[in-house]
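These notes concern the structure reproduced below.
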Amino acid sequence: MMKNLSEREGTLYFESTNLEQVAQQHGTPCYVYSRNGIEENWDAFDKAFGSHPHLVCYAVKANSNLSILSLLAKKGSGFDIVSGGELERVLRAGGKAENIVFSGVGKTNDEIKFALEKGIRCFNVESESELEHINDIAIANNKVAPVSLRINPDVDAKTHPYIATGLKENKFGIEFESAQAIYLRAASMKGIRIKGIDVHIGSQLTDTQPFVDALDRVLQLVNTLESQGVTIHHIDMGGGLGIRYESETPPSHVDYAQALLKKLGATKKEILIEPGRAIVGNAGVLLTKVEYLKHNQDRNFAIVDAAMNDLMRPTLYDAWHAITPVTSRTSTPQAYDIVGPVCETGDWLGKNRQLSLEEGDVLAVENVGAYGFTMSSNYNTRPRCAEILVDGDKTHIVREREKLDDLLKGENIFPV
Ligand SMILES: *Cc1c(COP(=O)(O)O)cnc(C)c1O
């Protein structure tokens, strides 16, 4: 069972909060996050790097709820953003611009200008053209843009193909072979100040070796660059540390940090990391109610009130999430496919799960704190879920359930 989740007399508790009561009080479907879980994960990364200069830059796209950003901002966290929207969120949550790094292959001119105005810590530049855009925009606005080049190290992260980003065939980063020349160009640009070097090789990595291999390539390049007079102040290793969904055995935060520190050797350069999943993934559940049980000849279906629009990971990545009844029953379990109401065969949350269920039961889909709510949509004109944060035995609504008026806002009927 997930951290902070426990069974007490047949009922699931998250921290000291009864999840059956959360479902009753706030309705389903809803995401529920553990404050303690999030803070412990962030602290674990921070401590693991010990006295080596470092900054943990939480990857906002994993879960961008303002309350989570503000909890982390209070700890002095850095943030890794991938859009102007995420920049706005971090600033509104109290995050400091000087602790923000900006990643992504398609930053628009407006986003670059916005980030320059706010004074972010670093742009992680993903192409030579982007470097030129940033230089031009900086000069036009009398600024100097701090940059790292994101290098594609051509390292196999051995993860799902949709979340592997460090291979030559992927759209991300600058080819290793071209990086040196582009750094030298950057060094001569008036609107650019070189700060560091960056890699991000993928997500849900369950082994330290690909990280070490990527760092090895980075260090080679750093040596070459510094011998040519280009100073690199920080090394950004990206995110990607995996979590246990089913039976994976990812390295702990400490194992991960130790592997990087060992490879770094005597180098005292500041290390940045951009973890998302490993901070929030195992700190969230999705509560959903069984609306209908349908027993066909070949298969039993539990049709629940959450769907692929609420949690896209099962259908997008074939992801497996534990699904646990909030109140357990003693009747003989049966194999169920847990499916939603959306009109798509791909609308499933779990398949072939042994459960004993009755209509009206509440289920907890586990480990959905990362890439859960942030990937949700309004497909089938379904309002997005409420989000609740538990803190011990207290619950806070950190995002209200959307109303139909919220959904239809800004739409116009064609004036005939
Ligand atoms: C998505 C992403 C991350 C976070 O990845 P996790 O696997 O959630 O840790 C970090 N950096 C970049 C550039 C990303 O695109």
Side-chain angles (χ1 to χ4, degrees), residues 38 41-42 44-45 48 55-64 68-69 72 77-83 85-87 90 99-107 111 115 120-127 130 147-153 155 157-167 170-174 196-208 210-211 214-215 218 234-245 248 250-253 256-257 260 271-284 312-313 316-317 319 367-375:
I38 294 164
N41 287 330
W42 191 93
F45 274 120
L55 183 63
V56 180
C57 298
Y58 169 64
V60 175
K61 75 179 191 284
N63 188 326
S64 57
I68 291 176
L69 301 180
L72 297 178
S77 183
F79 296 92
D80 169 50
I81 59 165
V82 292
S83 72
E86 288 189 352
L87 175 53
V90 172
N99 287 340
I100 296 174
V101 298
F102 193 170
S103 303
V105 291
K107 303 173 190 78
E111 287 175 320
I120 66 163
R121 181 188 183 108
C122 196
F123 290 90
N124 290 336
V125 178
E126 303 223 13
S127 66
E130 182 192 330
V147 307
S148 288
L149 299 192
R150 174 171 174 181
I151 308 304
N152 183 326
V155 164
K158 298 199 171 61
T159 183
H160 188 284
Y162 287 8
I163 48 178
T165 56
L167 287 170
N170 302 135
K171 70 179 175 183
F172 298 99
I174 289 171
I197 186 164
D198 171 49
V199 284
H200 170 72
I201 55 175
S203 195
Q204 185 52 18
L205 273 70
T206 52
D207 188 4
T208 52
F211 292 114
L215 180 52
V218 165
H234 74 240
I235 297 176
D236 183 339
M237 287 304 297
L241 183 62
I243 63 169
R244 179 180 200 136
Y245 287 105
E248 304 90 335
S252 68
H253 299 61
Y256 164 80
L260 294 183
I271 286 285
L272 269 54
I273 56 167
E274 304 169 348
R277 191 189 309 271
I279 290 181
V280 289
N282 69 357
M312 205 174 166
R313 289 185 28 79
L316 183 61
Y317 306 122
N367 294 302
V368 296
Y371 308 106
F373 185 89
T374 49
M375 289 182 122

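FYI, side chains are in, hydrogens and waters are out, and symmetry mates aren't considered; it's all heavy atoms of this structure. Counting starts at 1 for both ligands and their atoms, following the listed order.
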What are the atoms of ligand 1, with element, lying closer than 4.0 Å to any heavy atom of [X]?
X    : value
R150 : 13 (C)
R277 : 6 (P), 8 (O), 9 (O)
S203 : 6 (P), 7 (O), 8 (O)
S103 : 13 (C)

TODO: Give yes or no for whether the N/O distance cutoff of 3.5 Å, strictly under, is met between K61 and ligand 1.
DONE: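 Between K61 and ligand 1 (N or O atoms, distance only) the closest approach is under 3.5 Å.
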Task: N or O contact, A59 vs ligand 1, cut-off under 3.5 Å - done: no
Open item on the list: Would P275 count as a contact residue for ligand 1, given that I'm defining contact as a non-hydrogen atom of the residue lying under 4.0 Å from a ligand atom?
Closed with: yes
TODO: Would you check whether G240 reaches within less than 4.0 Å of ligand 1, judged by its heavy atoms?
DONE: yes
Task: Nearest atoms (heavy-atom pairs only) where L241 meets A278 - done: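 Looking at all heavy atoms of both residues, the closest pair is O-CB, 3.6 Å.
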Task: Contact summary for E130 and V125, nearest pair of heavy atoms - done: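 Between these two residues, the closest heavy atoms are OE2-CA, 3.6 Å.
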TODO: Measure from NZ or CZ of K107 to the centre of the six-membered ring of F123, then state whether that distance is under 6.0 Å and the direction lies within 45° of the axis.
DONE: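 Verdict for F123: no cation-pi partner in K107.
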Task: I201 side, atom CD1; F211 side, atom CZ - distance, nearest 0.5 Å - done: 5.5 Å
Task: Partner residues of F45 under the ring pair (Phe, Tyr, Trp, His ring centres under 6.0 Å) criterion, sequence neighbours left out - done: H253, Y256
Open item on the list: Considering non-hydrogen atoms of the protein only, which is the closest contact for atom 13 (C) of ligand 1, and what is the distance?
Closed with: E274 OE1, 3.5 Å
Task: ligand 1-proximal atoms of D80, by part, heavy-atom distance under 4.0 Å - done: side chain
Open item on the list: Side chains of L87 and F102, heavy atoms from C-beta outward: is any pair under 4.5 Å?
Closed with: no
- [ ] Evaluate the criterion side-chain contact (heavy atoms from CB on, under 4.5 Å) for residue pair E274 and V101; output intermediate values, then yes/no.
- [x] CA-CA 9 Å; E274 304 169 348; V101 298; 3.7 Å; yes
Open item on the list: Just to be sure I'm reading this right: ignoring hydrogens, which of Y58, F172, Y371 gets closest to atom 8 (O) of ligand 1? Compare them by their nearest heavy atoms.
Closed with: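 The option holding the nearest heavy atom is Y371.
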